[in-house]
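Have a look at the structure below before the remarks.
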Amino acid sequence: MRRRDIMGAAAGLATGLHALDAAAQQRPAAQPARPPRQPAPPPSTPANTPLGPVDTVARHALIVDFDTGAVLLEKAADDRMPPSSMSKLMTMYVVFDLLKQGRLRLDQQLPVSERAWRMGGSKMFVQIGTTVSVENLARGVIVQSGNDACIVLAEGISGSETQFAELMNETARRIGLRSSTFRNATGWPDPEHRMTSRDLATLARRIITDFPEYYRFYNERSFRWNDISQENRNPALGRVAGADGLKTGHTEEAGYGLTASAMRGNRRLILVVNGLGSMRQRAEESERLFEWAFREFENVVVFRAADTVEEVPVYLGERPTVPLVAGRDLVLTLPRQWRRNLQVRVRFDAPVPAPVTKGQGIGTLLIGGQGVPEMTVPLIAGADVDKLGLFPRIPAVIGRWFGS
């Protein structure tokens with residue numbers, strides 16, 4: 001077994017910079033009574049981070065690096081909570097997915113039912129008996145948080161909001177949302193309509209990754225429909241450099257929430273907060289946490305996909321060595337002061353018997369250092385190495401016998 005230190009302190013490594021709201025959700029008279037008002041969030045309680053506790057007034061919080069998936073801050077991130085209008089992200093994921101499959105078109109007209117027209121809470125102000133294009137409905141949901149627009153989409157796609165909620169649940173399970181249950185398309189209060197901060201971050205990442213052609217809607221600052229212009233309620237768009245989405249939420253039970261993303265250089269972060277006491281608190285806390293995360297952490301490129309980590313000897317091969325590679329860009333998100341402590345070692349058995357197939361696992365990268373979380377990454381052969389023919393093998397075998 002060979003182990004080689006290929007890096008000590010990582011000072012020389014390249015740095016990669018990779019990777020009116022849900023309104024008051026007022027119920028119409030025909031709806032059941034509102035859930036009881038929840039107590040105000042505590043003044044400030046700690047969230048967990050690699051750097052130690054960081055206080056936040058949010059009841060739920062999560063910050064993740066988009067490219068590496070590293071968790072930079074979390075607080076009650078796996079608690080099931082009422083997501084309010086942030087669950088409209090799931091509504092739009094279903095819509096975008098159908099558009100991508102060709103089962104829906106942006107210019108397709110959907111009819112406005114009386115139920116959609118009467119829907120309370122934040123509204124796009126669709127008119128009963130008219131039709132609205134899928135594109136305008138999408139903008140009404142994303143920019144104006146229109147509950148009425150959600151109902152039009154749900155009924156147009158599935159026939160009823162209840163059936164559409166089942167489609168939301170099926171899609172959520174397929175894309176890895178482990179703790180989410182949807183009962184409607186709007187985020188309207190329901191004791192069984194729940195998500196976690198972690199699921200919201202996963203959903204935001206999937207929207208950005210799976211539908212780049214539609215993600216642009218989330219950066220739209222205002223939208224006018226039925227002669228009523230409404231501003232995008234996402235406070236990060238006007239306060240956080242690089243912010244370009246996603247969705248706010250608010251109910252009395254949930255408090256004020258935000259799922260947001262911001263990109264600086266080639267580095268993108270996703271933030272989820274919920275349970276804040278006011279729109280102002282949501283705006284200030286999301287800005288503060290974004291700035292903290294961008295300031296305190298960086299992405300460090302350890303190896304590029306095709307970089308040769310080591311040349312490994314090959315026994316009875318047509319080539320004497322085979323390059324050992326990571327096979328993908330290896331990027332770590334680290335606190336900036338940990339960079340100098342990063343240590344990287346490579347481990348492999350040598351010589352590797354021929355034949356060797358490109359992509360074959362033949363080693364391991366060991367990452368660690370003082371204060372750096374330990375990590376192992378499989379390494380693969382970067383090329384094919386055929387076995388020597390019979391006669392060329394004879395001297396090699398004899399040489400090994402006498403050499404040993």
Side-chain angles (χ1 to χ4, degrees), residues 1-19 50 64-71 209 265-268 297-336 338-404:
M1 176 71 71
R2 278 191 195 176
R3 176 186 295 179
R4 179 173 298 187
D5 290 340
I6 58 174
M7 295 185 191
L13 292 176
T15 298
L17 298 179
H18 234 28
V64 297
D65 185 275
F66 180 86
D67 287 305
T68 67
V71 175
T209 302
N266 292 322
R267 184 173 174 225
R268 179 181 289 280
F297 294 85
E298 65 177 340
N299 284 358
V300 176
V301 180
V302 181
F303 289 105
R304 294 295 183 188
D307 286 351
T308 298
V309 178
E310 183 70 271
E311 288 284 347
V312 179
V314 178
Y315 178 56
L316 300 181
E318 290 187 342
R319 292 176 44 176
T321 63
V322 61
L324 197 59
V325 301
R328 61 180 176 87
D329 288 352
L330 181 56
V331 184
L332 302 180
T333 301
L334 296 173
R336 293 184 186 276
W338 288 2
R339 181 185 181 88
R340 63 182 179 272
N341 298 330
L342 181 64
Q343 294 179 346
V344 182
R345 295 172 293 167
V346 63
R347 178 187 294 168
F348 55 87
D349 289 324
V352 179
V356 180
T357 304
K358 184 177 181 179
Q360 175 182 333
I362 55 175
T364 304
L365 202 64
L366 307 171
I367 299 169
Q370 184 178 1
V372 179
E374 292 188 358
M375 179 179 179
T376 60
V377 178
L379 296 174
I380 61 176
D384 293 323
V385 180
D386 291 331
K387 195 170 185 177
L388 284 171
L390 176 61
F391 289 109
R393 283 205 307 268
I394 293 173
V397 172
I398 293 174
R400 184 167 186 185
W401 284 348
F402 285 101
S404 59

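Between D349 and V352 the shortest heavy-atom distance is O-CG2, 3.6 Å. The two residues E311 and T321 make their nearest non-hydrogen contact at OE1-OG1, 2.8 Å. Counting all heavy atoms, side chain and backbone alike, E310 lies closest to F348 at CG-CE2, 3.6 Å. Between D384 and K358, the shortest heavy-atom distance links the atoms OD1-N, 2.6 Å.
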Side chain to side chain contact (heavy atoms under 4.5 Å, CB included) between V377 and R328, intermediate numbers included
CA-CA 10 Å; V377 178; R328 61 180 176 87; 3.9 Å; yes

Between T308 and F303, is the side chain to side chain contact (heavy atoms under 4.5 Å, CB included) condition met? List the steps.
CA-CA 8 Å; T308 298; F303 289 105; over 6 Å; no

Run the numbers on T333 and N299 for side-chain hydrogen bond (donor to acceptor under 3.5 Å, both in side chains), then give the verdict.
CA-CA 4 Å; T333 301; N299 284 358; 2.7 Å; yes

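Atom OG1 of residue T376 and atom CZ of residue R347 lie 9.5 Å apart, to the nearest 0.5 angstrom. Distance check: L316 CG to D386 CG gives 13.0 Å after rounding to the nearest 0.5 Å. Distance check, rounded to the nearest 0.5 Å: OG1 of T364 to CG of L379 gives 6.5 Å. Between the CG atom of L342 and the CE atom of M375 there is a distance of 10.5 Å, given to the nearest 0.5 Å. Between atom CH2 of residue W338 and atom CG of residue L332 there is a gap of 11.5 Å, rounded to the nearest 0.5 Å.
With a 4.5 Å cut-off on side-chain heavy atoms, L365 and L330 count as touching. Taking 4.5 Å as the limit, some side-chain heavy atom of R267 sits within range of a side-chain heavy atom of D65. With a 4.5 Å cut-off on side-chain heavy atoms, R339 and V300 count as touching.
Salt bridge R304/D329: present, at least one basic N to carboxylate O contact under 4.0 Å.
Listed by chain and number, the residues in a side-chain contact (heavy atoms from CB on, under 4.5 Å) with I380 are V325 (sequence neighbours excluded). Among residues two or more places apart in sequence or in another chain, the side-chain contact (heavy atoms from CB on, under 4.5 Å) test is passed with A354 by V314, K387.
For the side-chain contact (heavy atoms from CB on, under 4.5 Å) test with V309, the passing option among V302, V346, V344 is V346; the others fail.
A donor-acceptor pair under 3.5 Å links the side-chain atoms of R336 to the main chain of F297, judged by distance alone.
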